[in-house]
Participant: 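This is the structure, below, for whatever I ask next.
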Amino acid sequence: MVRFKNRWILVEFIPCTAPSPGRTPAAQAASGGIGGSDVETSSKQIWAALKQSVITHFGDTGWGAVGASLTVKYYSPRTNVCIIRVARDPYRIAWAGVTMLSTIDGQRYIPNVVHVSGTIKQAQLAAIQHNREVIARYRALAKTPAGYQDSYEEFLQTSAQEIEALQD
Amino acid sequence: MAPKRKSDDSTSPDPPTAREKKKQKTAMARTIPVQSVQAGSSGNSAAGPSKSVRFDSMQGLPTSIDVERFAEARSFEISAMEDAMKSAQSASTKRAWQELPRHLRRRAASHDVRRVPLRLREKARAEMDPQRKKALGRHVPKRGKHKQLPRTKQFLKRQLDKTWLETHIWHAKRMHMKNMWGYRLAVEPTEKSFRPSHRASVHGSILHDASYFALIELAGPEDILRTLLDSCSDYQGPSPGAKRFLTGARVCETHLYKHRSYPFDLIAPMAVIWRPVAQERTKPEAAHSEVSKSKKRRGKGKGKAKERERASGQAQPPRKVWIRVHPSVVHVTHQTLRVAASYALDAAKTADPSREVAEVDIVDLREHVNVFEIMGPKSSQVIKGALKPTNDNGDDFPKFWDSLSKLQSTGSLPRGMVVGFTVHDPRLSFPPKNAKLEGGLTSSPMTVFPSAKLAQSDIWDENVRNGLRKPKYKKKDIDERKSQNLVPGTPLQPTQKDNRVPVILIQRSVEGASPISPSSHHYASNSTALHGWTLIIPQGWAMAFLPSLIYTGTRTGGQRERQTQTYEGGCAYFPRDYPFTEAYEEYADEREIEEEDRWERRPPAKRVNYAKIGTRSPWKPDWEVVLGLREPPAQESEDPASELIPAQRADVEMESEETAPGTSTQPRKGKKEIRPWLLRGQDVPSILQSISSMINPSAGLLGCIDQLRIKRGQDPLGGNVRANELWQGALVRVRVLLCGRGNPEDLALLYRLDDEEARKWNEAEALRQQGVPAMLSEDTDEKELSKLVPSTDAIIGYVTTGHYSLSRGEGHAIGAVPVSCLIDLQQRDERLRTPNSLLVKIRDRGETICRAARLEVLS
């Protein structure tokens, strides 16, 4: 098919301002109050930083190839997960640019490219998968069984039902 | 969306164009929501209760907040991604109703938002064009509404020349309807459903409203009813008065013939159900006569006939029998039963003059019950889920009801098993759930056997049926009661006032041959057999039961689906596969007119020239010509290609002369007295086997028929019918199994093969099976053989039903050939030393290519 083809890069920017480098990155990401900065990084800043990185490492030619199609489609400051779109042909330049990025607006980050795919749907599925894996990893660390159920869940459900019934 | 548009409007004077709007909409649908840090952290850190409740002991530890926030952020992201995927797909590329499965789409949903489910209503409203709606002016009340006839009257006006079933309106919205047999019946669903319906009958469940079948009640002394039924039912197989049926525990599936004229004058298939004898309450004679009187008053036309004959003899317990027959033969059935009843009463009178007065009541119970046929392996679970039996059913019943959810298929039940019970109104527990199949693969064998006690049902009782004419509560009332339920969605508890509905459940199987019959060993009929239930409910309750039965995804079928089930099961379907019955003639004539009209409408250059390709009668099988009872119509154009044929024809005639002297020539002149008839029944394979080895098969056939007649106490045919007349009029139904390729259509022609050609076909087939390319030998090339033009004289039969069979994965057909031709084929096979092959050629009426096929006798 003759159409414009893209690559979708799913990146996790792991902030590394925390004093103890031994801690797992995801925990750092989560501990917003301790490790995270007060300044919220936005997708615009990521885009600017990425542009700088590409220009630095690939020069104007590199930016010329990538720049027309580069967009930051999604960035969540809570989980630091980002989806970046780039045209298919120069996507390695963009990928390298992401990998060699070290700071965004003065904040130090370790970029971790989780997935590269051809459609946004696959990137989204990969994000879901990634999140599940991270949670599962922590569960394993905390020795919580996989089939663990909150003891309050059932109680909450039944009481919600009862309250609803009483409202009529 | 709304605020954005407003701001646009405020900044720029021009309203956004449609293109801009659409762009904006897609952009909206494609953005993935992001959880902001401020909102999340502030909201979450202040979330006191969760902290104090769950992690009281760890209060103060910073990680406790982290875990929650962490997990929450991830879960938010997961749901955001999922939502984004869904909205990106649905918002831009699909209309609201497109998201619904096909069977939930409604035509009016294009302009009426209330015709889509609640969750899609908002979207549907946004998609609708408000200007257009205003122009249509739907909100303006219709003028002159008070002058309109009430709905019931309107509907009655439409039923002057036909009757509607109770489920008519439901069906008319979903099916193509057609006037048939005095009813307006569903033919096939409007949506594409040929394959899904077949799959449903094999793997799921499919329902057919068979309320149009006529029900006739006979009441009278047991011995008289037995002689009555014996004299007019099929003489092969067990009689309806046999012990196994007499208790009422099983249904007798048999065929109706005119009184004492077996094997001639086949009328139709019928099902005979005896009312189980109730020990505790035997109805007095008075009740019967009263019932029949009330019948007579309501009777319309000759259908509501009642026969009352008096004879003297000893008092027998009065019994009741229900007879279910096809609606096209109701009048003939009534006449036959009347004649049979008077003969039976006369016979009883002459046998024992001291006997008391006996009488037989014949009551027409058409439209007094509703019948649903639910086929498929899931039917038991559907029925168990939808119906809630009351507690006062018999002792055996709970055991049966428990075993119902262990049934993989009703094929493992005794054939024709009858179960009677009483259920609560199914609307009380409306959204039904299918019962779960218990036991897995190793289901325990059925422990409940059919018995008279199990078959007991109040639906036999006229008074009970009259009391249940209409459900006491309308759906509106039940919904009202439901809305008063404290917890919404819980089923209603049946109260004293609610109706209890007696029903009968009958095991129903569509299979080629019964497992015991001799024909089953060379045909794997059980692989294609279909099983299910017949549910009989009282009048007025069809629409109360139907929604519950189909709510869990049971499909509904019309005439086409019912016919296809029978075809796939390998059985003959009434009337299309029953030549020489009145209903068949009616059907064939109607079909001839319809197809000929269609053919006539096409320009001559664009339609098949049947005369040229040698199709003698393209729209209706000319059975009498095939049997040799009538001369074929004069042929204008004899094809020059068939020079071999005259010699072959002479040969065949010589043979038949040897076997049955005078068959081939004489009856063509004095043919008036020969009556064609259909040889059918479960003994057919064994009869044919025994007579094929005889020197004089026609006498053998007469002997067999006489034997059957004597078994039922009738005089042998010998007096009035000569052996060769019987022989020449006999037609037998066959299955046509294609040897190689081919897909026979309805009315395809069956040709006989002479020795030479049969040998070539056999060789060609052997080569094909070995995988040898056919080009090696000129003679036995299948392609060349299939191009040979057969003579019209070589036609030995027609296909009555034929198309691609979904359960077999190849073409398959049901047809009929004369018995004499079948015996000829067997003799040819013996000569060629290819036993049991019965090789013939088959050709579609509009094609020139012939295919080789084998015949198999259908019982």
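Proteins get letters first, then strands, A, B, ... in listed order; numbering begins at 1 in each.
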Participant: So does B:Lys433 have more than 12 non-hydrogen atoms from other groups sitting under 6.0 Å from NZ?
Facilitator: no

Participant: Mind checking the CZ-CG spacing from B:Phe76 to A:Asn131? Nearest 0.5 Å is all I need.
Facilitator: 12.0 Å

Participant: Quick check for you: to the nearest 0.5 Å, what is the distance between B:Ile78 atom CD1 and A:Arg132 atom CZ?
Facilitator: 4.5 Å

Participant: Taking all heavy atoms of B:Val34 and all of A:Tyr75, pick out the closest pair and write down the distance.
Facilitator: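 Looking at all heavy atoms of both residues, the shortest contact is CG1-O, 3.3 Å.
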
Participant: Work out which heavy atom in B:Arg74 is nearest to a heavy atom in A:Ile135; give both atom names and the distance.
Facilitator: CG-CD1, 3.8 Å

Participant: Between B:Thr31 and A:Tyr74, is any pair of side-chain heavy atoms under 4.5 Å apart?
Facilitator: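 Sidechains of A:Tyr74 and B:Thr31: no contact.
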
Participant: Mind checking what makes ring pair (Phe, Tyr, Trp, His ring centres under 6.0 Å) contact with A:Trp63, not counting sequence neighbours?
Facilitator: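 Partners of A:Trp63 under the ring pair (Phe, Tyr, Trp, His ring centres under 6.0 Å) test: A:Trp47.
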
Participant: Hey, does A:Ile128 have a side-chain heavy atom less than 4.5 Å from the side chain of B:Glu82?
Facilitator: yes

Participant: When you compare the side chain of B:Met81 with that of A:Ile83, does any pair of heavy atoms fall below 4.5 Å?
Facilitator: yes

Participant: Going by the rule side chain to side chain donor-acceptor pair (under 3.5 Å), which residues pair with B:Ser548 if we only count those two or more places apart in sequence or in a different chain?
Facilitator: none

Participant: Would you indicate whether B:Tyr473, at its atom OH, is surrounded by more than 12 heavy atoms from other residues, nucleotides or ligands within a distance under 6.0 Å?
Facilitator: yes

Participant: More than 12 non-hydrogen atoms from neighbouring residues, nucleotides or ligands closer than 6.0 Å to CZ on B:Arg121, yes or no?
Facilitator: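 For B:Arg121, atom CZ is crowded (more than 12 foreign heavy atoms under 6.0 Å).
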
Participant: For A:Lys73, look at atom NZ and say whether over 12 heavy atoms of other residues, nucleotides or ligands are found less than 6.0 Å away.
Facilitator: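 No, the 6.0 Å shell around NZ holds no more than 12 heavy atoms from other groups.
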
Participant: Any side-chain heavy-atom pair from B:Glu77 and A:Gln124 closer than 4.5 angstrom?
Facilitator: no

Participant: Test side-chain contact (heavy atoms from CB on, under 4.5 Å) on A:Leu125 and B:Met85; report intermediate values, then the result.
Facilitator: CA-CA 9 Å; A:Leu125 287 174; B:Met85 272 189 280; 3.6 Å; yes

Participant: Within a reach of under 6.0 Å around CZ of B:Arg106, are more than 12 heavy atoms found that belong to other residues, nucleotides or ligands?
Facilitator: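 Correct, the count exceeds 12.
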
